[in-house]
Amino acid sequence: MGHLKIATFNINGIHARLPSLLAWLEREQPDVACLQELKAVDESFPVAELHAAGYGAVWQGQKSWNGVAILAKGSDPVEVRRGLPGDAADTQSRYIEAAVAGVLVACLYLPNGNPQPGPKFEYKLAWFERLIRHASTLYASGHPVVLAGDFNVVPTDDDIYNPRSWLKDALLQPASRECYRQLLEQGWTDALRTRYPDTRIYTFWDYFRQHWQKDSGLRIDHLLLSRSLAQHMRDAGVDKWVRGEPHASDHAPAWVEIEMGAEAEARTKTTPAARARRRASGA
DNA sequence: ATGTCCGGGCCTCCCGGA
């Protein structure tokens, strides 16, 4: 009570990872969980299992690839938008937006962009430009907003174990980093980097070359906070233990905790009956 | 250049994507 824990987790296949997902929810109890890479069609989303675990959900699936979802503990997220505006021809399931506990939650899965250069990298940059435009309207709204997801961008060389072998990768390209910088310039707070200004912190360790065992990671999953949320950030971190479990995703969940003030608490946790009582008492 | 894992197609292996 008194705070809101918002997490983002690229689960790399919700069917392959359902036991892992449920174990993480049970242990860490995030209030909000943004998921990416469901790799599942809408009809197969495990809504019953998640309900049994105490979570409501909205989701946008897709066959084989992509797919995003927002989970909320003890409530159903109120879907605000699915799909990133700006390109009606874009059919990839990479963006969903919902209101949870008085916070507007944007769950995103930015295109990987490899191989680079090429059409996939062009799509990544175009998608990023659309995100920058949409994010500016969200930020300007003044509402509490979090942009959470797999951004597929290593913001700086301090966000990777060693950039040398990744120099040609789409995740480290100057154009990708420039987009991320432009996004932050709107005023967003990078929760993990702000919480740990001088520490190497990773959210992704690929399956190759024993990178997990050697802690050769990348920081590509981000939680960007609007001004009012950033002012109330209490803590942030990465649930690294998840990456060490058997049959783990190549990502670990990243999270932020927001202190909920009395006003937000009253607005978000209150029931219709309680609101009626408060009105009746003249409060 | 390499490495590993997921889902899907179609059939116990190969492929694209990451």
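Quantities reported herein were computed from a predicted structural model and do not represent experimental measurements.
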Specify the separation, in whole Å, of atom CG of N12(A) and atom C1' of dG7(B). 10 Å
Residue-phosphate contact under 4.0 Å: R209(A) side-chain N/O, dT4(B) OP1/OP2: no
To the nearest angstrom, the CG-P distance between L18(A) and dC6(B) comes to 14 Å
d(CG, D206(A); P, dT4(B)) in whole Å: 10 Å
For atom P, what is the distance between dC11(B) and dC15(B), given to the nearest Å? 13 Å
Suppose you measure atom C1' in dG7(B) against the same atom in dT2(B); what distance do you get, rounded to whole Å? 23 Å
From CD of Q210(A) over to C1' of dT4(B), roughly how many Å is that when rounded to an integer? 11 Å
Pick the nucleotide of DNA chain B nearest each of Y207(A) and N10(A); which residue has the one closer to the 5' end? Y207(A)
Can you confirm whether W212(A) sits close enough to K240(A) that some side-chain heavy atom of one is under 4.5 Å from a side-chain heavy atom of the other? yes
Inter-nucleotide C1' distance (dG16(B), dC10(B)), Å rounded: 16 Å
F204(A) and W166(A) aromatic ring geometry - parallel, tilted or perpendicular at 30°/60° bounds: perpendicular
Assign R94(A) to base, sugar-phosphate, or nothing according to its heavy-atom contacts below 4.0 angstrom with the strands shown. sugar-phosphate
Just to confirm, is there a sub-4.0 Å distance from OP1 or OP2 of dG8(B) to any side-chain nitrogen or oxygen of K63(A)? no
Determine the interatomic distance between P on dC14(B) and the same-named atom on dG3(B); round to the nearest Å. 16 Å
Atom C1', compared across dG8(B) and dT12(B): separation rounded to whole Å: 14 Å
Among dA18(B), dG17(B), dG8(B), which nucleotide has an atom closest to any side-chain atom of S64(A)? dG8(B)
Rounded to the nearest angstrom, tell me the gap between atom CG in D169(A) and atom C1' in dG3(B). 14 Å
Length of the NE2-C1' vector between H251(A) and dC6(B), whole Å: 12 Å
Distance in angstrom units between N66(A) CG and dG16(B) C1', rounded: 13 Å
H15(A) has a side chain; which of dG7(B), dT4(B), dA18(B) sits nearest to it? dG7(B)
With DNA chain B as reference, determine whether Q62(A) or D150(A) sits nearer its 5' end, using the nearest nucleotide of each. Q62(A)
Distance in angstrom units between Q92(A) CD and dA18(B) C1', rounded: 13 Å
With side chains defined as the heavy atoms from C-beta onward, is the minimum distance between Y109(A) and N66(A) less than 4.5 Å? yes
Taking distance alone, no hydrogens or angles, what donor-acceptor pairs closer than 3.5 Å link side-chain atoms of residues 19-28 of chain A to residues at least two apart or in another chain?
residue, atom, partner, partner atom, Å
W24(A), NE1, D239(A), OD2, 2.8
E28(A), OE1, K5(A), NZ, 3.4
E28(A), OE2, W241(A), NE1, 2.7

Are the side chain of R82(A) and the backbone N or O of Q60(A) linked by a donor-acceptor pair below 3.5 Å? no
